Amino acid sequence: MTVLVTGGAGYIGSHMVLALLDAGEEVVVLDDLSTGFHWALPPEVPFVRGDIADKALVQRIVREHGARSLAHFAAKIVVPDSVADPLGYYLSNTVKSRALIEAAVGAGIEHIIFSSTAAVYGEPARVPVPEDLPPDPINPYGRSKLMTEWMLADAARAHNLRYVVLRYFNVAGADPRGRSGQSTHNATHLIKAATQTALGQRRHLEVFGTDYPTPDGTCLRDYIQVSDLADAHMMALRHLRRGGGNLTLNCGYGRGFSVLEVLDTVRQISGRDFPIVFAPRRVGDPARVIAEADRIRDELGWQPKHDDLRAIVAQAFAWERALPHRNQI
Ligand SMILES: NC(=O)c1ccc[n+]([C@@H]2O[C@H](COP(=O)([O-])OP(=O)(O)OC[C@H]3O[C@@H](n4cnc5c(N)ncnc54)[C@H](O)[C@@H]3O)[C@@H](O)[C@H]2O)c1
Ligand SMILES: O=c1ccn([C@@H]2O[C@H](COP(=O)(O)OP(=O)(O)O[C@H]3O[C@H](CO)[C@@H](O)[C@H](O)[C@H]3O)[C@@H](O)[C@H]2O)c(=O)[nH]1
């Protein structure tokens, strides 16, 4: 039973494709390559370049490949861009997801695993954040994702559909075997930006805000390694295939690192010092975002293998160093 992966040429989706291949699964990728790269996929992976909102295309892919499960990664993901272009984000993340779900369910998809985000919690009233805390997103990106969670829940009540919503915290690192990593152009993510600065590709690294109510004044985040996250998807897939019910699960480790702790780790791992500029807070950044991470272990039996910031940074650094060569392929 083939798995359709939307956004499979992107950072996290490409790791999911590797996890599926490693498990001997059949896969087909749908991606418009707006931020992803075809070269991020092994050449044997069936690939269709197109838009998730193209219903005829989605139905053709599902039928031709006999897909029963959908892992839906395709989205726009930059929070400040969502503030500048909210309607564009609601189109890409909400309206197009609606079209995708309709086409997929109509063509016979029975399981959906959806890439949601800790951004649905906004500025959490308490950390670690449990899944039951009422969501309260503070930017259009988080709202665009929350609306898709709601659509899925309603569609599952009306149709032959079950789902797992995975709310990712801060995804980082790369495939430990070096087969994929984060290749996004102009990425805004802290660990990627810091490794690029260590390699001299950026002049300096700005630290956004040093006056947060945290031990060192910088924001705390729960960094989850990308292959551990792909494993969580594999376990969600098995759960749905054996008839398991709908779930909404945090994907994090349940601990936080500050921006300064991350930068220290990048310095140590890279062996390079690099300039840091203390800058004002970035609009929309919550002070502390840390997962309560028990439910995913209880429901799926998920056991992370890479809960180690030094290893995560080492993978990101190794990937970044190799990236210019890969981009020329
Ligand atoms: N990176 C993180 O820290 C993080 C955290 C929480 C949630 N997420 C979610 O994870 C998912 C994947 O994020 P990522 O970091 O891999 O981003 P990414 O930009 O690397 O991947 C997104 C992929 O989707 C494709 N795409 C976008 N719009 C499309 C469309 N309309 N039709 C077909 N393909 C389309 C892009 O070309 C790209 O390959 C997203 O849904 C994102 O919201 C990411
Ligand atoms: O150059 C930089 C980049 C980031 N930061 C700080 O580092 C922390 C992490 O920032 P970033 O890596 O951009 O991630 P977040 O803004 O926390 O958002 C990520 O994590 C969310 C889930 O928690 C996802 O929804 C988003 O898609 C994903 O980008 C924040 O405090 C930022 O202010 C800096 O100080 N300097």
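Note that the coordinates shown come from a computational prediction; the quantities given were computed from them, not determined experimentally.
- Without hydrogens or angle criteria, Thr214 side chain to Thr218 main chain gives a donor-acceptor distance under 3.5 Å.
- Of the charged side-chain nitrogens involved, none lies within less than 4.0 Å of a carboxylate oxygen, so that Arg162 and Glu110 do not count as a salt-bridged pair.
- The closest donor-acceptor contact from the side chain of Arg203 to the backbone of Pro275 lies at 3.5 Å or more, if one exists at all.
- At least one donor-acceptor pair closer than 3.5 Å links the side chain of Ser144 to the backbone N or O of Tyr141.
- Residues Val259 and Leu220 do not share a hydrophobic cluster, clusters being chains of Ile/Leu/Val/Met/Phe/Trp/Tyr side chains in contact below 4.5 Å.
- For the pair Asp294 and Arg297, the salt-bridge criterion is not met [side-chain N within less than 4.0 Å of a carboxylate O].
- Salt-bridge check for Arg60 with Glu64: passed, with a basic side-chain N closer than 4.0 Å to an acidic carboxylate O.
- At a threshold of 4.0 Å, the pair Asp81-Lys76 does not count as salt-bridged, since none of the basic side-chain nitrogens sits closer than that to a carboxylate oxygen.
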Which is it for His189 and Tyr11 under the ring pair (Phe, Tyr, Trp, His ring centres under 6.0 Å) test, yes or no, and what are the steps along the way? CA-CA 12 Å; His189 298 83; Tyr11 169 43; 7.4 Å; no

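- A salt bridge links Asp307 with Arg255; the closest basic N to acidic carboxylate O contact falls under 4.0 Å.
- Using a 4.0 Å cut-off between a side-chain N of Lys or Arg and a carboxylate O of Asp or Glu, Asp264 and Arg267 qualify as a salt bridge.
- In this structure, the side chain of Glu26 does not engage the main chain of Thr2 through any donor-acceptor pair within 3.5 Å.
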Should Thr6 and Asp31 be marked as a side-chain contact (heavy atoms from CB on, under 4.5 Å) after you check the CA-CA gap, both sets of side-chain angles, and the distance that decides it? CA-CA 6 Å; Thr6 71; Asp31 197 300; over 6 Å; no

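- Of the charged side-chain nitrogens involved, at least one lies within less than 4.0 Å of a carboxylate oxygen, so that Arg241 and Glu25 count as a salt-bridged pair.
- Between Tyr168 and His233, the two ring planes are perpendicular [angle over 60°; tilted spans 30° to 60°].
- Salt bridge Asp136/Arg143: absent, no basic N to carboxylate O contact under 4.0 Å.
- Using bins of under 30°, 30° to 60° and over 60° for the plane-to-plane angle, the ring pair Phe37/His185 lands in the perpendicular bin.
- A salt bridge does not link Glu149 to Lys145: none of the charged nitrogens lies less than 4.0 Å from a carboxylate oxygen.
- The pair Glu320-Lys192 meets the salt-bridge criterion, with a side-chain N (NZ, NE, NH1 or NH2) lying under 4.0 Å from an Asp/Glu carboxylate O.
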Arg288 vs Tyr212, test: side-chain hydrogen bond (donor to acceptor under 3.5 Å, both in side chains). Steps then yes/no. CA-CA 9 Å; Arg288 296 172 304 155; Tyr212 284 97; over 6 Å; no

